[in-house]
Amino acid sequence: MSEQPELKLETTGKPITANVPTEGLLVTNHLNLMYMLAAGLAMPPSGFGNKYYADILGTYPGWIPLFVETPSKDAIDLATSEADYLRPTIIQFNLSSLTGPVKVMSATGVESREFRDGISESERVILVPAPLPMSWVDFITFRTKEEKLACEAVAQDYGNVPLLQYKQYVNRNRLFTRSVAEPWPLSRGSVEKREVPLQHPFAAGGVMAMLQQVANLGAQAVHACRTAFETDDRKLGSENVHPILAGLYGWIKNGKTSLRQPGDKAQHRSALKDAFQAQIFWESVDLLNVWRSDGRGGGAEDVLLDHLGAVAGDSDERLQVWARELRDSLATLTGLSDATPTELFERHDSPLARAMTIFFIRRDCAELLEYENYRLYELDWVAAAVLSGVRDGWMQLPLALRSDRAFSDTVCHRMAQISHQIAGSEIELGDAPPRIRPLWEMFEDSGNWKAREKSAALTLARAQKWDCVSTNIRLGSGEYKLFVRGSTLSIRVPGEPTIAPEVDPDRFFELLSTARLDASLEAKIRKQFGN
């Protein structure tokens, strides 16, 4: 372990030497590891559903037990006690950004402590309120090379386990062979069980990922993406956004929207319609979130149909007919429909109706992003991305929709922050990793493109073979000779002409909004921006 800063703590009048750990070791097994990697969070057994295998996370529900140095052999044995095929793993977390109340454990008992007050040499385990973001993982240690390779093979069988994005070692620092012969738990001191909010953070993570995927559609999509990742609403500006998007910041932060209630007489008819749509939309989001977490019978589509049915029975006549007609149209999509999706998009001309229609015909996030239809507009896609992100949640997203380690780290950190904020744990995780700016946002100020933006736009347009590039050729004075050889026309000019290709910004953004960019190409463009 690295050297730690030393503090002097006063206990019972006698000074003792203490330090603030910057690393902590979680002992688990390879299948629990897979689940936490997919979830993006180190979490209590309640987050695993019926896929949890006994380890030290189950000893103190709601807490993450971290060994400060070498773990105990009992803890390692516990992680493999349920089945012969389980393999022990040790995860090292970087705790340098952690502040807040924790518990520390020694052979003599358990004490509450502010993490920054440090721990003494005899205190071997820190109990940190769950969850912790997997973005804090420094590396993962396996017992043998064979177990490491086997675990990598298992990870590849799943579509949502990013094991290869993390550093892996075999018995680093002899963690397994030097394990301490001490009991687990170290003491019989009581620790209260904590309830850990995970339902909303997972839904928020799915929404963040999907809004990142559709962010190149335009300015509204960029604003929605920024809103999803922003931790301070004062930085969002005062853009005039549709009421559906106006509820996004509060919902991401704590699952509560702060929408203006429909029915205000000062509102015009169109404003009232938009407000009602926003209300129904966010009520639907909440119901989908409950459905995904409860695992109850019926499909996600049934959740929306039931809700629209309830709205259609509402006493407000302004909603009844609209909701009933939309529900009837959507119901046909679950069987033999009397209309094509395009006809339904034309029949129900509102962002909420079109978003719900997409939701019914594309059954997961990956399918949604493959869909194309000329009758869909930017806000329709953004609303559909939110609905689909909640339906799947972060856990179910394939790796292709999680971009890379940098993006995953950003989402994982924010999911953990959201959970602690809802729980009121007083745990602080430090500054979140910077969000990944969508390409549209990076090019957004087209009236002020500098050399870097012009070069990156030209690179992207050439790679995609977009018809938005023109070339200016400046010729000097003198005689020009024309040669025709077969089907080839050549012009000989004196000196060296200036050839300057340039991109038409309007056409560029039009093409960018419908593009499906290869990950390697996007990485190349970001590199030109210094990302």
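Note that the numbering runs from 1 along the sequence shown for the chain.
- For residues 173-196, every residue pair satisfying the ring pair (Phe, Tyr, Trp, His ring centres under 6.0 Å) rule, not counting sequence neighbours, is listed here: Phe67-Trp184.
- Screening residues 156-170 for salt bridge (Lys or Arg N to Asp or Glu O under 4.0 Å), with sequence neighbours left out, gives no hits.
- No donor-acceptor pair closer than 3.5 Å links the side chain of Arg292 to the backbone N or O of Ala300.
- In this structure the side chain of Leu368 reaches within 4.5 angstrom of the side chain of Trp381, judged on heavy atoms.
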Exercise. Please step through side chain to side chain contact (heavy atoms under 4.5 Å, CB included) for the pair Phe93 and Val128, ending with a clear verdict.
Key: CA-CA 12 Å; Phe93 285 88; Val128 183; over 6 Å; no

Quiz prompt | Check against side chain to side chain contact (heavy atoms under 4.5 Å, CB included), Leu57 and Leu26 | solution = CA-CA 9 Å; Leu57 291 168; Leu26 173 61; 4.1 Å; yes

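- Taking both residues in full, the closest heavy atoms of Ala385 and Met210 are given as O-CB, 3.5 Å, listed atom of the first, atom of the second, then distance.
- Among pairs with a residue in residues 80-97, those fulfilling salt bridge (Lys or Arg N to Asp or Glu O under 4.0 Å) read Arg87-Glu147, at least two apart in sequence or across chains.
- At distances below 3.5 Å, at least one donor-acceptor pair connects side-chain atoms of Ser388 with backbone N or O atoms of Ala384.
- Sorted by first and then second residue, the side-chain hydrogen bond (donor to acceptor under 3.5 Å, both in side chains) pairs with a member in residues 419-433 read His420-Ser425; sequence neighbours excluded.
- The list of salt bridge (Lys or Arg N to Asp or Glu O under 4.0 Å) pairs with a residue in residues 190-213, not counting sequence neighbours, reads Lys103-Glu192.
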Exercise. Test side chain to side chain contact (heavy atoms under 4.5 Å, CB included) on Asp302 and Trp291 and set out the steps.
Key: CA-CA 10 Å; Asp302 296 327; Trp291 167 84; over 6 Å; no

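- A salt bridge links Arg363 and Glu301; the closest N-O separation between the charged side-chain nitrogens and carboxylate oxygens is under 4.0 Å.
- Residues satisfying the salt bridge (Lys or Arg N to Asp or Glu O under 4.0 Å) test with Arg402, not counting sequence neighbours, are none.
- The pair Arg113-Glu111 counts as a salt bridge, with a side-chain nitrogen and a carboxylate oxygen less than 4.0 angstrom apart.
- Under the ring-ring contact (aromatic ring centres under 6.0 Å, His included) criterion, Phe529 pairs with Phe443, sequence neighbours left out.
- Heavy atoms only, all atoms of each residue included: Leu127 and Val102 are closest at O-CB, 3.5 Å.
- Looking only at distances, a side-chain donor or acceptor of Arg414 sits under 3.5 Å from a matching main-chain atom of Pro433.
- Between the side chains of Ser72 and Asp74, no donor-acceptor pair is found at a separation under 3.5 Å.
- A donor-acceptor contact shorter than 3.5 Å is absent between the side chain of Asp392 and the backbone of Asp364.
- Asn29 is not listed as a side-chain neighbour of Pro88, based on a closest heavy-atom distance of 4.5 Å or more.
- The main-chain N or O of Lys148 is never found under 3.5 Å from a side-chain atom of Gln168 such that the two would form a donor-acceptor pair.
- Of the possible polar contacts, none joining the Ser293 side chain to the Val290 backbone as a donor-acceptor pair under 3.5 Å is found.
- Judged as a side-chain hydrogen bond (donor to acceptor under 3.5 Å, both in side chains), and not counting sequence neighbours, Thr99 has no contacts.
- Here Glu146 pairs with Thr144 under the side-chain contact (heavy atoms from CB on, under 4.5 Å) rule; sequence neighbours left out.
- Counting only residues at least two apart or in different chains, side-chain hydrogen bond (donor to acceptor under 3.5 Å, both in side chains) contacts with residues 200-212 are absent.
- Judged as a side-chain hydrogen bond (donor to acceptor under 3.5 Å, both in side chains), the pairs with a partner in residues 39-54 (not counting sequence neighbours) are, in order, Tyr52-Asp55, Tyr53-Tyr85.
- Leu163 places a side-chain heavy atom less than 4.5 Å from the side chain of Ile140.
- Partners of Tyr166 by ring-ring contact (aromatic ring centres under 6.0 Å, His included), not counting sequence neighbours: none found.
- Between the side chain of Asn171 and the backbone N or O of Leu175, at least one donor-acceptor pair lies under 3.5 Å.
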